[in-house]
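Chain letters run A, B, ... following the sequence lines, proteins first and then strands; every chain starts at 1. Hydrogens, waters and symmetry mates are skipped; everything else that's a heavy atom, side chains included, is used.
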Amino acid sequence: MSQLVLSDLRKSFGDLEIIKGVNLDVSEGEFVVFVGPSGCGKSTLLRMIAGLEDVSGGEIVIGGKQVKDLPPVKRGIAMVFQSYALYPHMSVFENIAFPLRVEGLSEDKIKERVGAAAKVLQLESRLQQRPGTLSGGQRQRVAIGRAIVRQPKIFLFDEPLSNLDAALRTEMRVELMSLHQKLGSTMVYVTHDQVEAMTMADKIVVLNAGTIEQIGSPLELYHKPDNIFVAGFIGSPKMNFLSGTVTASDRGNVVVDLGKVGTIKLPRGGHPDLVGKTVTVGMRPEHLALGEDKFSFEVTPGIVERLGIHTLAYCTLADGKNFVALFEGDPEINQGVSFTVGIDPAKCQLFDSDGIAVHKESQSGMHSS
Amino acid sequence: MSQLVLSDLRKSFGDLEIIKGVNLDVSEGEFVVFVGPSGCGKSTLLRMIAGLEDVSGGEIVIGGKQVKDLPPVKRGIAMVFQSYALYPHMSVFENIAFPLRVEGLSEDKIKERVGAAAKVLQLESRLQQRPGTLSGGQRQRVAIGRAIVRQPKIFLFDEPLSNLDAALRTEMRVELMSLHQKLGSTMVYVTHDQVEAMTMADKIVVLNAGTIEQIGSPLELYHKPDNIFVAGFIGSPKMNFLSGTVTASDRGNVVVDLGKVGTIKLPRGGHPDLVGKTVTVGMRPEHLALGEDKFSFEVTPGIVERLGIHTLAYCTLADGKNFVALFEGDPEINQGVSFTVGIDPAKCQLFDSDGIAVHKESQSGMHSS
Amino acid sequence: MSRSKGASLFAFCLLLPALLYITGIVAYPLVETVNLSFTDAALKPVTKWVGWANYEKIFNVNFSTIIVRTFIWTFFSVAIKMIIGVCAAVLLNAALPGRALFRILLMPPWIVPMAIGIFMWGWMYNGQFGMISGLLQNFGITDGPVAFLGYGRSAFWATIITDVWIGVPLVTIYMLAAIQSIPKDLYEAAWTDGAGRFYRFRRITLPMIVPALITMSMLSLIATFNSFDIIWILTRGGPSGETTTMIIDTYKTAIGSYKYGEGAARAVLICLFLSVFCFFYFRTVSRISSGDIR
Amino acid sequence: QDKVITALFCGDTMQPAHAEFIKTWEGNNPGFKIQTEVVGWDQCQDKATTLAAAGTPYGIAYVGSRTLKQFAQNDLIVPIPFSEDEKKAYFPFVVGTVTTDGQQWGIPVAFSTKALYWNKDLFAQAGLDPEKPPLTFAEEIAYAKQIKEKTGIAGFGVVAKDYDNTMHQFLHWVYSNNGTVIDDAGNITLDSKENLEALTALRDITAFAEEGPTSYEQNEVRSIFLDGKLGMIQASIAAANRLKEANKFKWGVTNLPLGPSAKGPGTLLITDSLAVFKGSGVEEKAIEFGKFLTSPENQPVYEKQEGLTPLRPGPAVDKMVADDPSWKPYIDGISFGGPEPLFTDYKGLQNTMIQLVQSVVTGTAEPADALKKAAADLEQYK
Amino acid sequence: MKNSKPMIDRYTWYETIGIYAGIAVLMFFVLAPFIEGFLVSLKPLALLFSSPYSFWPENGSFTAYFTLWDRVPMMGWYIFNSLLLAFVITVVVMCLVVPAAYAFARFEFPGRGALLGAFLAVNMFSGAVLLIPLYRLMRSLGVLNTYFAMIVPGVAFLIPTAIWLLRAYMMRIPRELDEAAWVDGASRLYTLRRVILPIAMPGIMVAAIATFIGAYAQQFIFALTFNSKTEYMPIGVGLFAFFGRQEVIWNELMAACFIGITPALLIIVFLQRYLVAGLTAGAVKQ
Ligand SMILES: Nc1ncnc2c1ncn2[C@@H]1O[C@H](COP(=O)(O)OP(=O)(O)OP(=O)(O)O)[C@@H](O)[C@H]1O
Ligand SMILES: Nc1ncnc2c1ncn2[C@@H]1O[C@H](COP(=O)(O)OP(=O)(O)OP(=O)(O)O)[C@@H](O)[C@H]1O
Ligand SMILES: [Mg+2]
Ligand SMILES: [Mg+2]
């Protein structure tokens with residue numbers, strides 16, 4: 001059943017259209033993550049769902065009810081603000097207890113619920129402090145606490161973990177996911193953290209400049225991006241894009257001339273129309289391996305970043321373009337010393353001149369926006 | 001030459017000691033990253049270096065000069081605040097131009113410098129907006145802009161990229177690094193992002209509850225953490241810790257009985273004193289591989305997260321403890337179906353009962369704090 | 001917050017009590033006053049409708065001089081009040097010992113019944129015995145007494161200074177409250193960038209208190225424009241009418257000479273002038289965005 | 001149910017004498033009650049007027065006699081019938097201060113006159129005979145000049161602030177030179193030879209007056225005198241009390257000096273009256289009550305308490321003068337005094353007169369021109 | 001001893017001197033007339049004024065502070081009445097003004113600007129002109145010669161200023177705070193009470209003090225005209241009892257005046273600590 005439906009939602013600030021017709025369907029209990037470049041309208045969209053921003057056009061339906069003119073509490077939502085919005089005159093305890101006091105719970109109940117939240121959020125020793133004396137991460141946790149003590153039908157989180165350290169972040173991530181499972185509530189979550197998006201989401205919504213570029217499961221977006229934007233946005237480090245010209249299309253293959261880099265044969269059937277066109281080939285850094293493969297070429301590493309778990313090489317190609325490769329562990333590569341890398345063309349992405357993906361089974365018209 | 005020296009630096013808020021004697025030596029042109037759990041005192045330390053927080057005890061020496069009582073500008077620093085601290089009444093342009101106006105640069109110079117910064121930060125189209133109408137990420141970029149238009153000797157960054165999306169983040173990271181190289185200025189950088197810490201730092205300082213746990217290069221911390229805290233904090237996903245008992249120590253090896261998981265032989269010489277003691281063995285999730293290795297054991301996956309680039313398996317061990325493993329790509333593992341994983345014991349970490357690392361060449365006394 | 005009907009309704013509900021009260025108490029007298037301005041109301045029991053006659057009469061006399069004088073008087077008084085008020089707020093905001101005491105000591109001019117405060121100024125200005133003239137003589141700046149209220153020019157400024165004296169405490173504590181609500185990290189950021197105290201004041205404090213300044217200056221403008229007691233007690237509009245402002249003129253007409261009709265016409269004119277002036281003032285001043293202040 | 005007569009008195013508290021008379025009167029007139037209200041001097045007049053204008057007048061109120069004409073013309077007060085005997089009992093001109101159009105509109109209740117004070121110490125210092133006060137305008141000016149030149153201290157106190165007593169002080173000069181402002185027929189007589197002489201004398205003496213006379217009203221000038229910084233002032237009897245209290249220097253008080261056209265000692269007569277307002281429903285009784293308060297038996301008690309100039313002559317007055325010679329000029333002056341002129345718009349009159357004095361004192365106008373202009377202006381306020 | 005102030009709040013010696021010098025000048029300006037007034041209160045009536053000017057009177061005494069109680073025995077009552085009136089007026093005004101200022105600060109509704117202006121227009125008419133119609137109104141309300149005669153118009157004329165003062169202050173409170181409370185299900189009134197009120201406290205205090213003082217010291221004309229009962233008189237009117245027929249009892253008047261402002265000053269001392277800084281610290285990211 002659809003829990004939250006946005007249809008053709010629009011929002012303008014003055015003459016500036018910020019949200020340009022968004023359609024979205026969220027099922028009950030789903031975990032939806034919004035990602036997109038900074039300033040693309042994620043927070044605005046969230047605030048519209050919450051009822052904090054009036055709607056310039058389109059509809060918002062929650063639980064089958066048109067809610068465009070309902071106040072937040074009638075929409076059954078709780079929200080964590082990107083800017084925290086803590087009450088400066090109240091202690092941490094009172095900040096977290098606020099929604100419960102509004103509901104009129106008994107003092108005991110409140111103590112219990114706030115205590116539980118504080119424990120999860122590791123704020124127990126801070127309960128009597130004021131927000132002004134908290135660290136950035138602590139403030140963010142208080143904001144989360146305030147949202148989770150209420151148990152609404154829909155949670156809206158706006159980058160709730162951005163100020164936390166990796167360890168706490170993982171912990172909180174797991175906490176939020178188990179909360180999600182326990183309550184079965186729908187969650188709409190804005191993040192710019194790839195790991196969060198990939199691990200938490202049932203469904204990722206990629207926004208760009210106020211429109212949806214693609215909606216899909218994390219792996220769908222990773223493996224089958226609809227267009228260059230999504231391909232470039234999902235995955236870190238970013239996909240490499242090499243532009244070339246299609247020289248032939250036959251026997252289920254498209255042959256692309258990548259200039260000095262070489263000629264690659266991509267398994268894509270039935271695209272005779274592409275011949276002669278300029279296309280872009282995408283290669284994920286992590287799909288490259290040292291040494292020869294079905295398609296190989298030479299790269300010259302510039303900066304080499306060794307992260308322990310893997311190594312990033314910022315290279316240049318034969319034609320001088322930049323290229324990033326990622327290798328397992330700590331391989332023996334050195335700045336300025338060229339080497340050969342290989343990739344399986346089946347793992348490469350192909351985009352036509354409009355940036356639309358050309359999929360293996362010729363689904364090029366599948367993108368959603 | 002030492003550019004910045006902190007000796008026995010202390011800070012209390014009321015009775016609460018927040019910074020408990022920090023010693024640090026930063027060379028000119030070094031890129032130092034502070035990491036540590038939320039609330040450990042990173043921002044406070046930064047603010048003390050900047051001169052915004054008075055010092056309860058200890059010394060700060062910048063460029064050979066005691067600066068404890070000098071104002072920030074005399075210390076030659078610029079700072080990006082965690083809370084951004086943008087001037088709400090000024091346009092983005094004016095916000096960025098502020099330090100230049102203080103310096104009294106000519107209007108042309110200001111336009112040029114701000115323009116350049118705005119270009120790097122992708123804020124060109126926002127220059128006339130007020131901070132109140134910006135998205136979280138845009139605000140953060142304005143704050144960065146304000147720091148980089150001045151070209152001081154020391155930059156202090158407090159989580160400057162936390163609200164940016166992955167792509168922009170990478171870009172900004174590269175920008176900051178090239179700025180670092182171009183200006184040769186010293187940078188002190190607070191982050192909770194592992195990748196940032198690992199890629200940008202010449203030196204990482206791991207803080208915990210107001211004290212330094214370890215100082216070292218990224219790979220040093222990754223490969224040779226001084227203690228359990230650092231081992232657990234550096235690296236994501238977190239290192240797995242298995243506790244066991246040392247049964248023997250001979251021929252450069254320490255034999256640890258891990259109970260139901262098995263018995264592992266770690267290459268550590270000369271630790272007869274450990275025999276009979278409880279120790280902890282650390283294994284990084286990414287060091288595990290499917291199938292047998294020098295040390296192998298069985299795990300049962302619970303949740304399996306497939307991120308595209310790699311797959312995370314949240315498993316349980318034979319003794320019921322949690323265990324996380326990370327595998328390349330998208331292997332065929334399924335929830336509930338046990339399988340064998342292997343690891344090279346040389347890659348494992350060993351910690352004594354106080355959590356202090358037992359290093360291969362018996363450097364267990366090397367930690368710095 | 002969304003601009004829904006509910007919000008408007010709620011806003012009206014919040015406003016209603018104050019609105020009802022004001023209408024209940026003030027609306028009738030206001031309408032009555034406007035009404036009166038078209039009659040020849042005086043002491044006699046019966047009044048007659050005279051149309052615009054009262055207004056025409058006003059413009060017969062040297063009214064334009066009075067208007068100009070009123071505006072000049074008001075302008076200087078408000079401007080000085082604002083300048084002193086902001087400076088005082090800044091001084092009293094400085095984290096130095098004793099500021100709590102000084103904040104209190106600032107209050108008396110405002111608390112003391114206005115007439116008394118003005119009498120005290122009257123003595124100050126007194127040429128023979130007053131403190132100012134006395135000190136000037138003691139320090140040898142003048143060689144004889146100076147009667148500050150005896151000459152048009154000096155009486156004009158003397159009344160302004162007294163008005164400033166009474167108005168400064170309110171402006172100061174209001175500005176103080178405004179200054180205190182500026183987030184501290186803005187100052188810290190500016191300071192790290194090398195901005196000195198004065199620069200911070202100019203580029204952060206001042207623009208951030210502009211909204212408060214606009215409000216205060218407008219309230220002050222209205223109060224000052226209608227400031228009566230000061231001039232009345234100190235000079236009665238003299239010498240030779242040099243301190244006669246519109247309100248003094250109105251009072252002399254309405255209460256002094258019991259020409260209520262003509263007085264009401266003047267009062268209505270004052271209100272009209274003020275409304276128009278305030279309207280444009282608010283419009284222009286609010287449009288000058290505070291960020292442009294360098 | 002008793003009928004209530006509301007009565008407005010001015011001051012801080014009810015005068016004990018009046019309070020007692022009220023009790024007596026209430027005893028004599030059962031069924032009537034006097035409800036008194038006391039308002040400070042500064043606001044008293046305004047309050048009486050405001051309430052009358054608002055339609056709920058006091059039954060009887062204490063007002064300055066100069067306002068009577070305006071009240072009368074606006075039909076706010078009722079005339080007070082006086083028998084010839086009653087009129088005759090008062091000092092001359094007293095009844096005149098409450099008379100317009102041949103009718104009396106108030107019951108005189110307080111009276112004040114003015115005289116000249118001189119500082120004997122200063123006179124001696126300036127080489128003048130301390131026991132010989134000036135008798136004429138010319139002497140007054142000459143003495144002032146001498147004092148100013150010999151001692152550097154101002155010789156005479158000129159009052160020229162925007163206050164009613166600026167007009168009063170000018171009227172001293174007018175009345176001590178046989179001048180008038182308005183005649184019985186209602187013609188403006190301001191622009192006369194006598195008045196020109198008076199005004200010119202005032203202008204001339206200003207040269208030897210304190211610095212900035214336009215900033216001083218009567219009491220402030222008196223303060224300067226009390227401080228020994230003035231040779232002469234024209235003031236009411238209250239100054240004598242102050243001088244005795246301060247006891248700083250030797251002084252004398254005498255009749256106002258006379259102008260060239262004077263026929264005899266002159267002074268300004270100011271009275272306050274009880275006015276009976278129309279519409280209270282108890283006007284008759286209020287008049288009766290007012291007359292009772294100011295009856296020849298009761299009035300002197302009150303005057304004595306307040307230190308007022310007596311309204312009526314009599315043996316008690318003679319005795320008072322004998323006891324305290326300072327009173328002499330005040331009683332003497334009455335015979336040649338003039339009242340505050342009664343105008344329909346007395347504020348208009350006042351403003352014109354202040355304007356007149358200020359323009360001459362500050363030297364912005366010549367006395368003759370100023371008088372002409374003022375006389376013309378006065379026409380509208382008759 | 002270490003200076004524990006953050007460095008940004010530390011002053012160099014010349015700044016300290018500058019600030020104190022500035023404060024000294026300010027204080028002299030503010031208090032000089034009171035010195036003059038105080039001197040008057042010490043002098044005997046006949047010697048009120050003397051030259052050459054000297055700060056300390058030759059034969060000063062505090063007798064006026066005692067004799068004034070004989071001349072105006074009700075003085076204590078007047079002070080009490082003033083405090084009572086000012087207190088009641090302040091409470092009523094704040095009850096009416098706080099919601100109204102919030103409405104003006106936060107909500108967009110049709111006619112907002114006009115209404116705001118209309119409130120201001122009330123202050124554009126001087127009280128003196130409105131006196132007679134107001135008197136008639138008070139009479140028809142039947143409140144003449146009661147405390148209400150002073151409270152009712154007093155409140156009306158103090159509302160506009162308070163609304164404007166408070167509105168400007170409330171506009172500075174971050175909007176996110178309202179929004180957060182709203183999302184949490186708090187009703188608008190609850191938000192006003194629990195979130196806005198506490199944060200706006202300094203602003204409310206300023207408005208309250210302004211109202212209190214307006215009622216205590218400056219609203220004199222209503223009390224004079226609408227009340228005739230001595231026992232209800234506030235100090236402002238009571239002080240006029242020192243204005244005699246020809247004489248003003250200046251020394252006692254000034255003494256009474258100093259006594260009269262003391263209670264109000266004490267109240268402000270008490271309220272002043274609510275004017276503290278930093279209430280919005282940590283509320284939102286900038
Ligand atoms: N004014 C203060 N009074 C009391 N405690 C304070 C004050 N300021 C900070 N603290 C406490 O000091 C500790 C360190 O704060 P700090 O801001 O330095 O943390 P941080 O390491 O920057 O954390 P984060 O990563 O969350 O930003 C926190 O626990 C905080 O609650
Ligand atoms: N009140 C406003 N007036 C004008 N423009 C606005 C206003 N509020 C937001 N915007 C603009 O709308 C765009 C979308 O803002 P929004 O906060 O939704 O971005 P976001 O996707 O949340 O970005 P981030 O990841 O940086 O938080 C931004 O470009 C912002 O500048
Ligand atoms: Mg956002
Ligand atoms: Mg921090």
Exercise. Where does B:R173 contact chain A at under 4.5 Å (heavy atoms): side chain, backbone, both or neither?
Worked result: side chain
Problem set entry | Contact origin within B:Q122 toward chain A - heavy atom pairs under 4.5 Å | neither
Problem set entry | Segment of A:D330 engaging chain B (4.5 angstrom heavy-atom cut-off) | side chain
For this session: Please look at B:P37 and chain A and tell me whether the side chain, the backbone, both or neither of the residue comes under 4.5 angstrom of a heavy atom of that chain.
Result: both
Problem set entry | B:L123 portion near chain A, given a 4.5 angstrom heavy-atom threshold | neither
Exercise. For A:M200, is it the side chain, the backbone, both, or neither that has a heavy atom closer than 4.5 Å to a heavy atom of chain B?
Worked result: neither
For this session: Please state whether the side chain, the backbone, both or neither of B:F13 comes within less than 4.5 Å of a heavy atom of chain A.
Result: neither
For this session: Check each atom of B:L326 against the heavy atoms of chain A and say whether the ones under 4.5 Å are side chain, backbone, both or neither.
Result: side chain
Exercise. Which bit of B:Q138 is near chain A, if near means a heavy-atom gap under 4.5 Å: side chain, backbone, both or neither?
Worked result: both
Exercise. What's the spacing between A:Y314 OH and B:T170 OG1 if we round to 0.5 Å?
Worked result: 6.5 Å
Problem set entry | Donor-acceptor contact below 3.5 Å, side chain A:H192 vs main chain B:R169 | no
For this session: Using a cut-off of under 4.5 Å on heavy-atom pairs, state which of A:L219, A:L161, A:I234, A:T133 scores highest against chain B.
Result: A:L219
For this session: Give the member of B:T44, B:L168, B:L164 that has the highest number of heavy-atom pairs under 4.5 Å with chain A.
Result: B:L164
Exercise. In terms of heavy-atom proximity below 4.5 Å to chain A, should B:R306 be classed as side chain, backbone, both, or neither?
Worked result: both
Exercise. NZ of A:K203: more than 12 outside heavy atoms within 6.0 angstrom?
Worked result: yes
For this session: Report yes if some heavy atom in the side chain of A:S43 is under 4.5 Å from a heavy atom in the side chain of B:S135; otherwise report no.
Result: no
Exercise. What distance do B:T311 atom OG1 and A:M198 atom CE have between them, rounded to the nearest 0.5 Å?
Worked result: 10.0 Å
For this session: Go through the steps for B:E328 and A:H310 under the test side-chain contact (heavy atoms from CB on, under 4.5 Å), then give the verdict.
Result: CA-CA 11 Å; B:E328 279 310 290; A:H310 50 230; over 6 Å; no
Exercise. So do the side chains of A:R139 and B:Q82 get within less than 4.5 Å of each other, counting heavy atoms only?
Worked result: no
Exercise. What part of A:L16 gets closer than 4.5 Å to chain B, counting heavy atoms only: side chain, backbone, both or neither?
Worked result: side chain
